[in-house]
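In what follows, a single structure is set out as structure tokens and then discussed.
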Amino acid sequence: MRILSRGVAKINTDYSTSSFIHSIIRNDLKLNKYNGRVHTRFPPEPNGYLHIGHAKSICLNFGIAEEFNGLCNLRFDDTNPTKEEEEFVRAIIEDVRWLGFSWDDRLFYASDYFDQLYDFAVTLIKKGKAYVCDLSAEEIKEYRGTLNQPGKESPYRSRSIEENLDLFERMKAGEFPNGSRVLRAKIDMSSPNLNMRDPVLYRIMHEKHHRTGDKWCIYPMYDFAHPLCDAIEKITHSICTLEFEDHRPLYDWLVDELIEGDKPRQYEFARLELTNTVTSKRKLRKLVEGGYVRGWDDPRMPTISGFRRRGYTPEAIRDFCDRIGVAKANSIVDIALLEHCLREDLNKKAPRVMAVLDPVKVVILNYPENQEEVLETENNPENPESGKRNLVFSRNIFIEREDFMENPPKKYFRLSPGKEVRLKSAYIIKCVNVIKDAKGNIVEIHCTYDPETKSGGGASSRKVKGTIHWVSENNAVDAEIRLYDYLFIDEIDDDSINDNDIISKLNPDSLKVIKNCKVEPILKNSLPGEKFQFLRQGYFCADLKDHNSKSLVFNRIVPLKDTWAKIKKQ
RNA sequence: UGGGGUAUCGCCAAGUGGUAAGGCAUCGGACUCUGACUCCGACAUUCGGUGGUUCGAAUCCAUCUACCCCAGCCA
């Protein structure tokens, strides 16, 4: 939506997003279906945490509402009290909100409609389109037939309307034990679509519900509740994933039998799969319960809360969801695209700061002892408005162990004996000596600096090929840095691996904790959740739970692209 | 062997009978006080296969093939 200079909001009419669902909606709008209304919903079941796959659905549903000037409801699909919990409701609300979407006062629960749903069931019975069936679960399964063979009709199928009404009411009243009876739609036991072979509509569950308590002991099935909840909320486009495609005839059957006026329609799209990632609930639970990760919000988890704790931004996730598109072909998106979206977002936003993860001491021999010098450096070259900050330079500094090599290969631009390198925002130094311990480990590097090459100074135009980051020994601060990598080794995705094999495919290096890193003192003031670019290394986020001003803890969100690493490999 | 779907570059994905968008990845090169960013360039004579219709087909027709989903009183 564009705001005109007069302050009048102009509705965007050139809906540029292109997907088959957008096309359908554009066409419905052209035909003035639903009087031009577009109303979607995101219907999570509160039985687990939201993950990146849900983000696609959230962005689609809320995105469509925004784009077509419509509305999107948040509706909890809480029709099965044995699986659902308040705790998940809370977490899901937090995640959807964090992603940047709002539903105003349209937060609903399928359980809000249990009375109406019951009435719909009674109506169906009265129309002779539903009956109470006494078959056991096993018998129902037998009677259903198979993919290739038609089913048989239940012996209870021809009960009178009166008897059905009486029995259904007594089911509701709690007269029968779990599993003893169900309400079934009377459709077609020989349908090639198994969903139409007299599907179960209501089952008996003497179970306390997280919202309705003990009021009910019969609960509607998803297939019954969903289309009717959609209709009650006046949803126009009910968007779900591919596996519900052959539930659509049942969805339509119920809507046609019970709803007058505008009828919601169901459309299906392919759910998101990501490389190096699993998203099935069972697999994720196995990781958490087996202690392979530290909870649902472990920064390696593909949950929304995991991404949040890792340091991903909602903007990056939304951009990603826009870019992957929406179609009906099963696909596996390269996680590199997600990382690209993240880097692009953080490149603009994240202040630069210097942090030495694996420090080695450098002594600048010709720099006076006890002298300190304040140098200025930009906070973010991509964003001049972010201003500048001061660095303190001195005789003893730390640099990255990796930025020095005694016997460098060709094209190594960093420090080595006799070679020069620039210290970012400071001076050019030259290595004159290397001090080692008895085992041959480098403990100190001796350098000289060229006072004429102060950063920003008039004589600073001398060029060297490499620039490295550093911190002063006497004002550096210690930090713990957690380097995260993919949870799974390459070539793994949800479809390519079964539940039992995931553990063997775990990446043993998915987390490396480094203590005693040396970082700029300004980081003492950083707040949990704050994000930075550690110069030349990557984007890092102060941990939401463990970071505080006395004990700094940063998560690596994603490393910077590294061309040198590529060259080295070859 | 029933029903429902899907096949366009390594990975996503537009395209709706008029002569294959875009993004990611990759590979070159320029720039660089981040080997980052940015910038320039390369990257589908061909759309799962085969026939056909047409002046013209990724788009229409026929046929074949591959893959995904469905036999919960889960969602």
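By convention in this document, chain letters (A, B, ...) are assigned in the order of the sequence lines, proteins followed by strands, and residues within each chain are numbered from 1.
- Each of B:G15, B:C73, B:C70 was ranked by its minimum atom distance to the side chain of A:S18; first place goes to B:G15.
- Of the two residues near RNA chain B, A:R343 and A:G466, the one whose nearest nucleotide lies more 5' is A:R343.
- When the side-chain nitrogen and oxygen atoms of A:K566 are compared with OP1 and OP2 of B:U26, one or more of them lie within a distance under 4.0 Å.
- Minimum atom distance to the side chain of A:K141 is reached by B:G72, of the listed B:C33, B:U34, B:G72.
- For the pair A:K172 and A:Y118, the cation-pi test (distance below 6.0 Å, angle within 45°) is passed.
- Within 4.0 Å (heavy atoms only), A:S136 reaches at least one base atom of the nucleic acid.
- If you check B:C12, B:U34, B:U1 against the side chain of A:I324, the one that comes closest is B:C12.
- Taking the O4'-C1'-N9-C4 or O4'-C1'-N1-C2 dihedral as appropriate, B:G72 has a value within 90° of 0 and is therefore syn.
- Applying the 3.5 Å distance criterion, the base of B:C33 shares a donor-acceptor pair with the side chain of A:S455.
- When the nearest nucleotides of RNA chain B are assigned to A:T146 and A:L338 by heavy-atom distance, the more 5′-ward of the two goes with A:L338.
- At the heavy-atom level, A:T563 lies under 4.0 Å from the strands shown only through sugar-phosphate atoms.
- Between A:R536 and the phosphate of B:G35, there is a side-chain N or O to OP1/OP2 separation shorter than 4.0 Å.
- As rounded to whole Å, 13 Å separates atom C1' of B:A75 from atom CZ of A:R271.
- The side-chain heavy atoms of A:E420 and A:R462, taken from C-beta on, include a pair separated by under 4.5 Å.
- Side-chain proximity of A:M221 to the nucleotides B:A75, B:A7, B:U34 is greatest for B:A75.
- Among the atoms of the strands shown, none is found under 4.0 Å from any heavy atom of A:E344.
- The side chain of A:T467 has B:C33 as its nearest neighbour among B:C33, B:C37, B:A75.
- Both the sub-6.0 Å distance and the 45° axial angle are not jointly satisfied by A:R159 relative to the ring of A:Y131.
- Listed by chain and residue number, A:K30, A:L31 satisfy the side chain to side chain contact (heavy atoms under 4.5 Å, CB included) test with A:N27 (two or more places apart in sequence, or in another chain).
- The minimum heavy-atom distance between A:D493 and A:T275, with the atom names listed, is CB-CA, 4.5 Å.
- Interface residues of residues 242-252 of chain A facing RNA chain B, ordered by number: A:E243, A:F244, A:E245, A:D246, A:H247; criterion, heavy-atom separation under 4.0 Å.
- Judged by ring centres under 5.5 Å apart and planes tilted less than 30 degrees, A:W564 stacks against the six-membered base ring of B:G35.
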Under 3.5 Å between N/O atoms: give me all the protein pairs with nucleotides 18-23 of chain B, atom names plus distance.
unit_1 : atom_1 : unit_2 : atom_2 : d
B:G23  : O2'    : A:R323 : NH1    : 2.9

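- Nucleotide B:G35 holds its P atom 11 Å from the CD1 atom of A:I567, rounded to whole Å.
- Rounded to whole Å, the P atom of B:C24 lies 16 Å from the corresponding atom of B:A42.
- The pair A:D28-A:R265 does not meet the salt-bridge criterion, since no charged nitrogen lies less than 4.0 angstrom from a carboxylate oxygen.
- The side-chain tip of A:K454 does not point at the ring of A:Y427 from less than 6.0 angstrom away and within 45° of straight on.
- Among the atoms of the strands shown, none is found under 4.0 Å from any heavy atom of A:R181.
- Closest contact between the side chain of A:D562 and the listed nucleotides B:C73, B:G35, B:A75 involves B:G35.
- At a threshold of 4.0 angstrom between heavy atoms, the contacts of A:N148 include nucleobase atoms, whether or not backbone atoms are also involved.
- Across B:C33, B:C70, B:A75, the shortest atom-to-atom separation from the side chain of A:L194 is found for B:C70.
- Between the base of B:U6 and the side chain of A:N330 there is no donor-acceptor pair shorter than 3.5 Å.
- Taking the six-membered ring for Trp and thresholds of 30 and 60 degrees, A:Y219 and A:F114 have ring planes more than 60 degrees apart, a perpendicular arrangement.
- Cation-pi geometry between A:R181 and A:F176 is met: the NZ or CZ atom falls under 6.0 Å from the ring centre, inside 45° of the normal.
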Dot-bracket assigned to RNA chain B with the 3.5 Å Watson-Crick/G-U criterion, [ ] for crossing and | for other-strand pairs, is .(((((((.[[[..)..(...]]].(((((.......))))).....[[[[[..)....]]]]])))))).....

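- Here A:A327 lies in heavy-atom contact (under 4.0 Å) with sugar-phosphate atoms only.
- Proximity note for A:V333 (side chain, C-beta onward) versus B:G3, B:C12, B:A25: the nearest is B:C12.
- Within residues 41-56 of chain A, the residues having any heavy atom under 4.0 Å from RNA chain B are, by residue number, A:E45.
- Among the nucleotides B:U34, B:A75, B:G35, the one closest to any side-chain atom of A:T79 is B:A75.
- Qualifying side chain to side chain contact (heavy atoms under 4.5 Å, CB included) partners for A:V182, counting only residues two or more places apart in sequence or in other chains: A:C133, A:I140, A:R184, A:V200, A:R203.
- Each of B:A14, B:A71, B:C37 was ranked by its minimum atom distance to the side chain of A:E382; first place goes to B:C37.
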